[in-house]
Number of protein chains: 2
Amino acid sequence: MSAKRTPRPVSDDERAFLAAYDASAFPHPSVAVDVATLTVADRALRVLLVRRGEHPAKGRWALPGGFVGMHESLDDAAARVLRTKAGLAGIFLEQLYTFGRVDRDPRTRVLSVAYYALVDAARLARALPDTGETSLARLEVPWKGDAGGPVRAKDDTGAALPLAFDHAEILGVVVRRLRGKVDYAPLGFQLLPQRFTLRQLQETHEAILGRRLNKDSFRRSVVARGLVAPTGETEKDMPYRPAELYRYARPEGG
Amino acid sequence: MSAKRTPRPVSDDERAFLAAYDASAFPHPSVAVDVATLTVADRALRVLLVRRGEHPAKGRWALPGGFVGMHESLDDAAARVLRTKAGLAGIFLEQLYTFGRVDRDPRTRVLSVAYYALVDAARLARALPDTGETSLARLEVPWKGDAGGPVRAKDDTGAALPLAFDHAEILGVVVRRLRGKVDYAPLGFQLLPQRFTLRQLQETHEAILGRRLNKDSFRRSVVARGLVAPTGETEKDMPYRPAELYRYARPEGG
DNA sequence: TGGTGTTCTATGCGTAAAGCATATATGCTC
DNA sequence: GAGCATATATGCTTTACGCATAGAACACCA
């Protein structure tokens with residue numbers, strides 16, 4: 001979304017209008033960004049949650065978030081949240097949806113512009129201090145067509161984590177978005193290290209989609225579309241035949 | 001997005017926090033909604049624009065919009081704009097994307113939550129008074145892959161209409177969204193009257209996609225997926241063999 | 001009244017892709 | 001070197017898509 005600013009001639013008339021404009025003439029909702037940082041580990045889709053130490057919803061689990069400053073763009077605000085609250089920078093980050101129910105925050109009217117980020121599991125594990133105040137929750141979303149609705153996040157013991165605000169709804173939207181995009185957008189590569197096997201890529205897609213895929217069809221489709229390029233290397237220390245390592249290849253014109 | 005509000009137990013501790021909370025502690029961006037109302041006429045995708053009578057961007061063409069009130073949801077605000085500025089109610093309306101560049105409005109920091117609405121051309125023509133202050137601009141968007149970027153809106157003489165703010169960018173996003181969704185979401189039906197011929201449906205899809213489709217494949221795919229049901233009626237007063245009229249049929253489980 | 005023109009609708013066929021099964025290859029362990 | 005688990009390659013079947021052809025329905029016109 002990096003659009004160039006196109007300077008526009010401003011008349012004296014308009015200049016006078018702008019000088020007289022009172023931005024605080026009537027109250028506006030507050031605006032926050034919330035970032036769902038996703039990864040795939042143990043064949044499951046996971047999301048980074050932080051335990052809230054402050055009111056409201058103190059003690060519950062929530063997506064990292066923060067209010068939007070007056071002089072930063074939405075994309076910049078989301079990147080700032082991701083950097084300061086998860087220690088991650090330079091990874092895939094895209095706007096998801098804006099949640100605007102009137103009573104979604106008990107403090108006051110707060111809109112949430114939700115973003116989602118994709119990282120490979122190893123990098124996320126390195127970035128995260130294991131303080132107990134963060135969790136990499138499993139997202140288990142049955143297929144059930146397009147119905148959607150909120151999602152349950154579980155820790156590794158299988159216990160459901162209580163989520164703050166409408167964050168369960170946000171997670172439902174993000175999973176459906178990923179499922180819709182994974183077939184044509186290079187999402188899986190963002191969830192893997194630079195070199196990966198085709199099996200890893202397939203398992204990543206399966207974790208997103210919540211269902212198994214046909215092995216041969218998946219491999220043929222991926223290589224026929226030129227999405228991946230072989231590196232010549234193979235994985236190491238496998239107790240069976242090692243697979244070739246591939247890398248992401250932009251399909252023509254990168 | 002009609003999520004049920006789930007009441008949550010509130011502790012005395014939290015009650016005290018909420019009572020002391022100062023919502024105006026620091027400045028927030030203003031929030032507006034802008035609605036792109038789309039239809040298909042003369043085999044072309046068209047969007048409803050209004051000429052701005054006030055600063056800023058006075059005299060330029062813009063999407064109908066308005067600020068979000070403190071006590072209305074985003075969806076409600078978009079429906080209100082659509083009702084009061086275009087005289088339309090009860091039609092397809094969905095959130096598109098939120099635009100948050102810092103300098104996108106010269107007055108002050110204004111975020112725009114963009115929505116798009118779909119109507120059939122006859123209904124839109126009935127709702128619109130022909131005052132010269134509104135325009136049903138053609139959207140001509142070449143295919144050029146996924147690159148995107150701003151879009152040009154033209155009136156029926158082919159003259160380009162100058163757009164206010166970043167509304168050309170919004171139109172670019174909405175066209176790409178429609179192109180991505182039309183294959184699997186029931187968008188075309190929203191742009192047609194209740195009864196329509198398969199040819200009309202195909203031309204609607206072609207207008208959205210900006211390219212021609214294969215007639216036989218389109219018909220087979222649509223009927224095989226059970227998206228449409230024949231009504232038994234046929235069109236009338238055609239100078240050639242009239243086609244059967246169909247209606248939208250929810251694919252299983254409606 | 002019957003021919004002409006245009007579009008609708010149905011059918012068949014060749015190609016491409018997807019799903020599925022089978023066979024061979026490779027590297028580790030014992 | 002035998003056994004094992006997985007990778008990789010090949011072939012077959014089913015399904016969808018693009019394209020061409022043929023008959024059907026209606027208005028128009030001589």
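All values derive from a computational prediction rather than experimental measurement.
Aromatic ring orientation, A:F218 versus A:H205: perpendicular (interplanar angle above 60°, classes split at 30° and 60°).
The shortest distance between the side-chain N/O atoms of B:K236 and the OP1/OP2 oxygens of D:dA27 is not below 4.0 Å. Remark: B:K215 is in phosphate contact with C:dC8, judged by side-chain N or O atoms under 4.0 Å from OP1 or OP2.
Scanning atom types as modelled, no donor and acceptor separated by under 3.5 angstrom connect the side chain of B:R241 and the base of D:dA25.
If you measure from atom CZ of B:R212 to atom P of D:dC19, you get 12 Å, rounded to the nearest angstrom. Atom CD of B:E244 and atom C1' of C:dA10 are 13 Å apart (whole Å). Here D:dA20 presents its P atom at 10 Å from CG of B:N214, a figure rounded to the nearest Å. Taking atom CE of residue A:M238 and atom C1' of nucleotide C:dA25, one finds them 18 Å apart after rounding to whole Å. In this structure, the OH atom of B:Y240 is 10 Å from the C1' atom of C:dC8, given to the nearest Å. Atom CZ in B:R199 sits roughly 10 Å away from atom P in C:dT9 (whole-Å rounding). Taking atom CZ of residue A:R225 and atom P of nucleotide C:dA17, one finds them 11 Å apart after rounding to whole Å. Across the protein-nucleic acid pair, B:R220 atom CZ and D:dA16 atom P stand 10 Å apart, rounded to whole Å.
Checked against C:dC8, D:dC17, C:dC20, the side chain of A:D216 finds its nearest nucleotide in C:dC20. Of the candidates D:dT6, D:dC26, D:dC17, the closest approach to any side-chain atom of B:S221 belongs to D:dC17.
Residues that satisfy the side-chain hydrogen bond (donor to acceptor under 3.5 Å, both in side chains) test with B:E244, not counting sequence neighbours, are absent from this structure.
A:Q194 CD: 12 or fewer foreign heavy atoms inside a 6.0 Å radius.
Separating the CG atom in A:L171 from the CG atom in A:L38 is a distance of 7.5 Å, to the nearest 0.5 Å.
Nearest-nucleotide positions on DNA chain C place B:P239 closer to the 5' end than the other of B:T197 and B:P239. Comparing B:T234 and A:R219 by the nucleotide of DNA chain D whose heavy atom lies nearest to each, the residue mapping closer to the 5' end is A:R219. For the pair A:D237 and B:A243, nearest-nucleotide mapping onto DNA chain C gives the more 5' position to B:A243.
Between the B:T231 side chain and the B:L245 main chain, a donor and an acceptor come within less than 3.5 Å of each other.
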